Amino acid sequence: MSKKRKIAPSILAADFSRLCEQIKLVEKAGAEISHVDVMDGHFVPNITIGPAVVKSIRMCTDLFLDVHLMIEHPLNFIDAFAKAGANNITFHIEAADDVGAVIDKIKSHNINAGLSVKPATAVAAVKEYINRIDLFLIMSVEPGFGGQSFIENSLEKLKEAQEMIQSGNLNVDIEVDGGVNPENIQEISRAGAEILVAGSEIFGADNPTRRFEEMHKLLTQSHI
Ligand code: DX5
Ligand code: ZN
């Protein structure tokens, strides 16, 4: 049986001067997840937010906080983000010195652990960790910035990830992040994505609530 597909609005494209209000707009539309992008200026050429802002978001909403770390040495920051209120912490396989240790550290906080691959990293790189994680994030743009175009070969990577998870009979969510829009959302969903991150399409819209609803409707129709 296929799982319920979800859109995770990324606050990267939101108005940071009224973050709480912006999150409420998608909450009102039925969003269950808020995707929070953390960048350090080293792993990616951009800087965003740290644990203090995650803590503020936690005080503003009960949504599932899906924290996406695009940082070097993630092991050093897991405690801080977990204490700030993350429900899931995803880190990059390319960034971690000891991938297993980071997974263990996240799990020690009784929250979900996610592992991500950049566009140039093969799905197979995650194979040895797949039975220890809750979420597998396939980046469909080069991490660092919102508003980029979806990289088409991500569809193949999603299928590969799905095969890996199904053949192991595992309960791992497949997430995709970058360039998701109303035109490609159904194809991406059919390729195997269960959590679809969308930033600029939603928070760049005049009416984020309505845009979320429209994209959610397309998503629910994609498996009929
Ligand atoms: C990019 C981030 C994404 C970003 C997606 O590095 O990880 O979460 O917000 O933005 P859009 O939906 O605009 O591609
Ligand atoms: Zn992200």
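Keep in mind that what you see is a predicted model, and the values were worked out from it rather than measured. Both ligands and their constituent atoms are indexed starting at 1 by order of listing.
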Listing protein N, O or S under 2.8 Å around the Zn ion (ligand 2) gives H35 NE2, D37 OD1, H68 ND1, D177 OD2
Handout entry: Derivation and outcome, salt bridge (charged side-chain N to carboxylate O under 4.0 Å, His left out), residues E21 and K24
Key = CA-CA 5 Å; E21 269 173 59; K24 296 281 180 207; over 6 Å; no
_If hydrophobic clusters are built from ILVMFWY residues whose side chains come within less than 4.5 Å, do L65 and I33 share one?_
no
Using side chain to side chain donor-acceptor pair (under 3.5 Å), reason through H73 and D40 one step at a time and then give a plain yes or no. CA-CA 10 Å; H73 308 303; D40 66 351; over 6 Å; no
When rounded to the nearest 0.5 Å, the distance separating CZ of F203 from CG of D15 is 10.5 Å
Would K118 count as a cation-pi partner of F43, with NZ or CZ less than 6.0 Å from the six-membered ring centre and within 45° of the ring normal? yes
(message) Are more than 12 heavy atoms, taken from residues, nucleotides or ligands other than N153, located less than 6.0 Å from that residue's CG atom?
(response) yes
Sorted by chain and residue number, the residues having a heavy atom closer than 4.0 Å to an atom of ligand 1 are S10, L12, H35, D37, M39, H68, M70, M139, P143, G144, F145, G146, G147, D177, G178, G179, V197, A198, G199, S200
Review point. Considering only heavy atoms from C-beta outward, does the side chain of N184 approach that of N181 to under 4.5 Å?
Key: yes
TODO: Answer yes or no: is there an ion pair linking D134 with K107, defined by an N-O contact shorter than 4.0 Å?
DONE: yes
| query | Are H92 and H68 close enough that their ring centers fall under 6.0 Å? | reply | yes
